[in-house]
Amino acid sequence: SAGIPVPMDVAVDSSGRIYISAGSFTGVFPDCVDGCRIRRVLLDGTIETFATVPLPTLFGVSLASQTALSGIAIDLVSDNVYVAQASSLGDQVVNINQQTRSSTVITNNLGFDLLGYNGLTLQCCNGDPTNWNLFVASTERQLVYRISFSPVAVSTYAGQQGVNAFGGDNGPATSASLNTPRGLAVDSMGNLYIADSLNNRVRRIDGNGNITTIAGFGGPDGGFAGDGGLAINATLNNPQAVAVGPSGDIYIADTGNSR
């Protein structure tokens, strides 16, 4: 019976508890006027506020009406939470400690889209359970960033800054073009999947850093076609999110087709 006005993303921790990045909707796009909250659903079905994410500030000023939460991801070793926060005063990725529920800014100035969804996913671990990579979709810059830890370092993993187009399949992802990348996911082999929304495709980056299209025929207008056939020959319409199931199956939120 709880109300969640603007749920933006969900993630599940190692115990099966569900985390929701949520805000409010008091203007023309999602905001944090009523707080940037991480809600948590416990195993018995009850819901609570796990944490309230502090607003970014500039010269001591914060603007809740121009700030929104977006993608969320969880480190399944420590169950620490990572969330993307877009703001006209400077976007940032925030870490929330599972034990203390305190917030720490990991990095900022990543070019998030205040009007939409900025995907976030974690990749484990190269044999070391403390060694994670965090991938973030920068929808305004047409990039996917990789954030590594100890120390924190940000690098471009896919796309060319400011180039919203399609190109580069079967080559290095850093030479490819994306068009409003949003949802991200990783599989057990370390492949990264991108909902390349305005290219109407889902693309995959393998462990060697090369990019290919795995679903969607592309085209600027999108459409619906291809059920029962190969995903590469199907037509998608503004896919916004992607997920990988336990067996490796790929699930796509084909948003413009309401499927």
Side-chain angles (χ1 to χ4, degrees), residues 6-13 19-23 30-32 35-40 50-58 62-64 66-125 130-159 161 178 180-186 192-195 240-242:
V6 187
M8 293 298 293
D9 200 8
V10 297
V12 181
D13 71 12
Y19 296 72
I20 307 164
S21 57
D31 59 46
C32 285
C36 280
R37 294 186 175 91
I38 305 298
R39 309 291 296 278
R40 180 168 68 178
F50 172 71
T52 299
V53 183
L55 299 175
T57 61
L58 182 65
S62 63
L63 288 176
Q66 296 180 31
T67 302
L69 294 184
S70 197
I72 187 172
I74 297 176
D75 165 357
L76 296 180
V77 175
S78 65
D79 282 336
N80 291 335
V81 177
Y82 296 83
V83 64
Q85 187 181 51
S87 175
S88 62
L89 296 183
D91 44 68
Q92 54 193 23
V93 173
V94 178
N95 167 244
I96 304 167
N97 184 279
Q98 179 66 227
Q99 302 304 318
T100 65
R101 305 194 188 189
S102 59
S103 298
T104 303
V105 176
I106 300 299
T107 189
N108 53 22
N109 189 30
L110 295 173
F112 292 157
D113 178 10
L114 188 57
L115 301 179
Y117 171 64
N118 304 274
L120 195 72
T121 193
L122 278 162
Q123 179 193 57
C124 182
C125 324
T130 66
N131 180 20
W132 294 80
N133 287 314
L134 181 66
F135 293 96
V136 185
S138 175
T139 50
E140 287 191 345
R141 295 179 184 165
Q142 316 301 332
L143 299 174
V144 173
Y145 287 116
R146 177 174 62 187
I147 303 171
S148 55
F149 301 95
S150 300
V152 173
V154 181
S155 59
T156 297
Y157 197 70
Q161 183 164 338
L178 306 174
T180 315
R182 292 203 183 275
L184 304 174
V186 292
L192 176 70
Y193 298 85
I194 305 170
Q240 296 274 310
V242 61

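Values below: all heavy atoms of this structure, side chains included; hydrogens, waters and symmetry mates excluded.
Not one N or O on the side chain of Q92 forms a donor-acceptor pair closer than 3.5 Å with the backbone of V105. Within the 3.5 Å criterion, the main-chain N or O of G111 finds a donor-acceptor partner in the side chain of S138. Of the possible polar contacts, one joining the D9 side chain to the I72 backbone as a donor-acceptor pair under 3.5 Å is found.
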Side chain to side chain contact (heavy atoms under 4.5 Å, CB included) between T121 and L192, intermediate numbers included: CA-CA 9 Å; T121 193; L192 176 70; 3.9 Å; yes
Chi angles and distances behind the side chain to side chain contact (heavy atoms under 4.5 Å, CB included) call for Q142, T180: CA-CA 6 Å; Q142 316 301 332; T180 315; 4.1 Å; yes
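Every residue meeting the side-chain contact (heavy atoms from CB on, under 4.5 Å) condition with S155, not counting sequence neighbours, appears here in chain and number order: R146. For F112, there are no ring-ring contact (aromatic ring centres under 6.0 Å, His included) partners two or more places apart in sequence or in a different chain. Residues forming a side-chain contact (heavy atoms from CB on, under 4.5 Å) with S103 (at least two apart in sequence, or on another chain): P54, V94, I96. Residues forming a side-chain contact (heavy atoms from CB on, under 4.5 Å) with A158 (at least two apart in sequence, or on another chain): V144, A173, L178, I194, I205. With sequence neighbours excluded, no residue satisfies ring-ring contact (aromatic ring centres under 6.0 Å, His included) with Y193.
Nearest approach of R101 to A51, heavy atoms of both residues: O-CB, 4.3 Å. Minimum interatomic distance between V154 and T107 (heavy atoms only, all atoms of both residues): CG2-OG1, 3.6 Å. Residue S78 comes nearest to Q98 through the heavy atom pair O-CB, 3.7 Å, listed as atom of the first residue, atom of the second, then distance. Annotation for A241 and A195: closest pair N-CB, 3.9 Å, computed over non-hydrogen atoms. Nearest approach of S21 to L69, heavy atoms of both residues: CB-CB, 4.1 Å. Of all heavy-atom pairs between T52 and R37, the closest is OG1-CG, 4.0 Å.
Every pair tested for salt bridge (Lys or Arg N to Asp or Glu O under 4.0 Å) that includes a residue from residues 80-97 fails, sequence neighbours excluded, so the list is empty.
Rounding to the nearest 0.5 angstrom, the gap separating the CG atom in L120 from the CG atom in L184 is 7.5 Å. Note that the OG atom of S62 and the CG atom of L89 stand 7.5 Å from one another [nearest 0.5 Å]. Between Q66 atom CD and L55 atom CG the span is 11.5 Å, to the nearest 0.5 Å. Annotation: the span from L122 atom CG to F135 atom CZ amounts to 9.5 Å, rounded to 0.5 Å. To the nearest 0.5 Å, the span separating OG on S87 from CG on D31 amounts to 11.0 Å. Atom CG of N95 sits about 4.5 Å away from atom CD1 of I106, to the nearest 0.5 Å.
Side-chain atoms of I74 and Y82, non-hydrogen and from C-beta on, never get closer than 4.5 Å to each other. Between L110 and I147 the shortest side-chain heavy-atom distance falls below 4.5 Å. Using a 4.5 Å cut-off on side-chain heavy atoms (C-beta onward), Q85 and P56 make contact.
Checking T139 against N118 by side-chain atom types alone, a donor-acceptor pair falls below 3.5 Å.
Note: Y19 and F50 have perpendicular aromatic rings, judged against thresholds of 30 and 60 degrees for the angle between ring planes.
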